[in-house]
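Indexing begins at 1, ligand by ligand and atom by atom, following the structure's order. Given the structure is predicted, the values throughout are model-derived calculations rather than measurements.
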Amino acid sequence: MSIPHGIKRLGVLGAGQMGTGIAFVSALHAKVPVLLHDKSAHQISKGLSLIDKLLAKDVSKGRLQASDAADARARIQTADSVEAMRDVDMVVEAVSENLDLKRAIFREFAAKIRPDAILATNTSSISITKIAGAVIPEGEPAAGEVAKAVSGRVVGLHFFNPVPVMWRVDAMYEYQKLVELISAVQTSQDTLDRSRAFAEACGKEVATSQDVPGFVSNALLMPFINEAIMCLEKGVATRDDIDKTFRLGMAHPMGPLQLGELLIGLDTCLSIQQTLYKGTSDSKYRPSVLLERMVDAQYLGKKSGRGFYEYNN
Ligand SMILES: NC(=O)c1ccc[n+]([C@@H]2O[C@H](COP(=O)([O-])OP(=O)(O)OC[C@H]3O[C@@H](n4cnc5c(N)ncnc54)[C@H](O)[C@@H]3O)[C@@H](O)[C@H]2O)c1
């Protein structure tokens with residue numbers, strides 16, 4: 001049985017695809033006031049206008065009362081620094097998929113956010129244990145009480161994109177309703193129980209994974225997308241035929257190339273694949289050269305307007 005999450009205020013760091021979605025479901029479904037921070041003012045205004053659009057669409061389709069939409073929107077405020085989020089009960093980090101960046105951010109969280117707050121990361125592949133190790137103050141023994149208290153608050157709470165959508169296509173297929181819950185070696189049971197309860201309050205279902213590179217979801221998915229890009233690179237099949245094969249032959253709602261660039265972003269795909277490769281030292285995970293070149297060119301997919309496909313809007 002889940003315990004109450006006890007989150008009265010939430011901080012979200014990163015207003016990209018994921019952070020915006022997490023702020024949305026937290027304010028709308030969990031009814032929790034949210035402080036959203038990003039280093040880029042442009043990303044914040046893009047995120048807020050997406051939230052406005054999604055709420056207006058739900059109201060126009062009759063899925064949401066206008067007053068509930070207005071209440072949810074009023075719960076989302078912006079913060080101009082991590083410092084401004086110091087009183088939250090939980091913070092969810094959703095910045096770019098980079099270990100050094102995440103470790104630096106978690107050190108800042110541990111120093112600036114109230115000492116009983118849960119420190120969650122939305123990472124797709126990076127070790128939660130490595131991130132938790134970063135919050136231990138210098139000179140403190142890792143097995144000591146101070147280290148145990150602070151690193152016990154770190155957890156992996158992996159939402160899926162697009163977070164606001166809870167599609168039910170038919171009785172068999174239910175998409176995007178998942179949150180993957182990952183425990184670091186150091187995570188406390190209380191942090192895990194409250195994080196699970198919070199994800200459920202956001203309208204999600206929880207699956208747990210061990211802290212392995214990519215967790216269950218991306219240890220399986222990302223090699224598949226990477227292999228699809230290798231097939232394209234080698235000329236085994238065209239872009240359209242690769243995607244068509246999985247849509248029409250394997251009952252996938254979209255092909256692997258579409259999935260990688262429409263819902264994830266090729267930069268994130270590359271970072272995850274690199275984490276699998278480095279984390280296992282297994283050559284079967286080497287990233288496709290074409291994937292690297294697409295990221296070099298900043299052809300990241302929908303979020304940058306071009307990937308293997310073009311996006312006019
Ligand atoms: N895209 C997906 O399908 C998906 C799914 C699950 C998890 N994730 C994970 O979520 C995280 C974010 O992914 P995304 O797709 O939202 O990326 P994104 O590129 O859309 O957004 C990242 C945001 O982080 C901000 N940022 C970077 N450094 C920052 C800093 N120091 N302080 C404040 N803001 C900073 C950027 O300005 C940007 O707005 C990554 O760890 C990713 O692996 C992504």
Peer 1: Which is it for N122 and ligand 1 at heavy atoms under 4.0 Å: side chain, backbone, both or neither?
Peer 2: both
Peer 1: Heavy atom to atom 25 (C) of ligand 1, shortest distance: which of D38, V95, L300 holds it?
Peer 2: D38
Peer 1: Please indicate whether Y309 has more than 12 foreign heavy atoms, meaning atoms of other residues, nucleotides or ligands, lying under 6.0 Å from its OH.
Peer 2: yes
Peer 1: Considering residues, nucleotides and ligands other than R286, do more than 12 of their heavy atoms fall under 6.0 Å from its CZ?
Peer 2: no
Peer 1: Please confirm whether I272 comes within less than 3.5 Å of ligand 1 when only nitrogen or oxygen atoms on both sides are compared.
Peer 2: no
Peer 1: Examine the proximity of ligand 1 to Q43 and report which part, side chain or backbone, both or neither, has a heavy atom under 4.0 Å away.
Peer 2: side chain
Peer 1: Hey, is ligand 1 close enough to H37 that some N/O pair sits below 3.5 Å?
Peer 2: no
Peer 1: Assess whether atom NZ of K303 is packed by more than 12 heavy atoms of other residues, nucleotides or ligands within 6.0 Å.
Peer 2: yes
Peer 1: Using a 3.5 Å cut-off on N or O atoms only, is S40 in polar contact with ligand 1?
Peer 2: no
Peer 1: Do the side-chain N and O atoms of S271 and T268 include a donor-acceptor pair separated by under 3.5 angstrom?
Peer 2: no
Peer 1: Check for me whether S96 has a heavy atom closer than 4.0 Å to any atom of ligand 1.
Peer 2: yes
Peer 1: Without hydrogens or angle criteria, can the side chains of E261 and Y311 be said to hold a donor-acceptor pair below 3.5 Å?
Peer 2: yes
Peer 1: Enumerate the atoms of ligand 1 whose separation from the nearest heavy atom of F159 is less than 4.0 angstrom.
Peer 2: 5 (C), 6 (C), 7 (C)
Peer 1: Quick check: S124 and ligand 1, any N/O pair under 3.5 Å apart?
Peer 2: yes
Peer 1: What about H158: any of its N or O atoms under 3.5 Å from an N or O on ligand 1?
Peer 2: no
Peer 1: Using a distance-only test with no angle check, is there a side-chain donor-acceptor pair under 3.5 angstrom linking S304 and Q298?
Peer 2: no
Peer 1: Give a yes-or-no answer on whether the side chains of N226 and S288 include a donor-acceptor pair shorter than 3.5 Å.
Peer 2: no
Peer 1: Could you tell me if any non-hydrogen atom of K102 lies under 4.0 Å from any atom of ligand 1?
Peer 2: yes
Peer 1: Give the atoms of ligand 1, by number and element, whose distance to some non-hydrogen atom of L263 is under 4.0 Å.
Peer 2: 1 (N), 2 (C), 3 (O)
Peer 1: What is the ring orientation for F246 with H252, classed by angle as parallel under 30°, tilted 30 to 60°, or perpendicular over 60°?
Peer 2: tilted
Peer 1: Do G19 and ligand 1 have an N or O pair less than 3.5 Å apart?
Peer 2: no
Peer 1: Taking heavy atoms and a distance under 4.0 Å, where does F160 meet ligand 1: side chain, backbone, both or neither?
Peer 2: neither
Peer 1: According to the side chain to side chain donor-acceptor pair (under 3.5 Å) rule, which pairs have a member within residues 133-143, sequence neighbours left out?
Peer 2: none
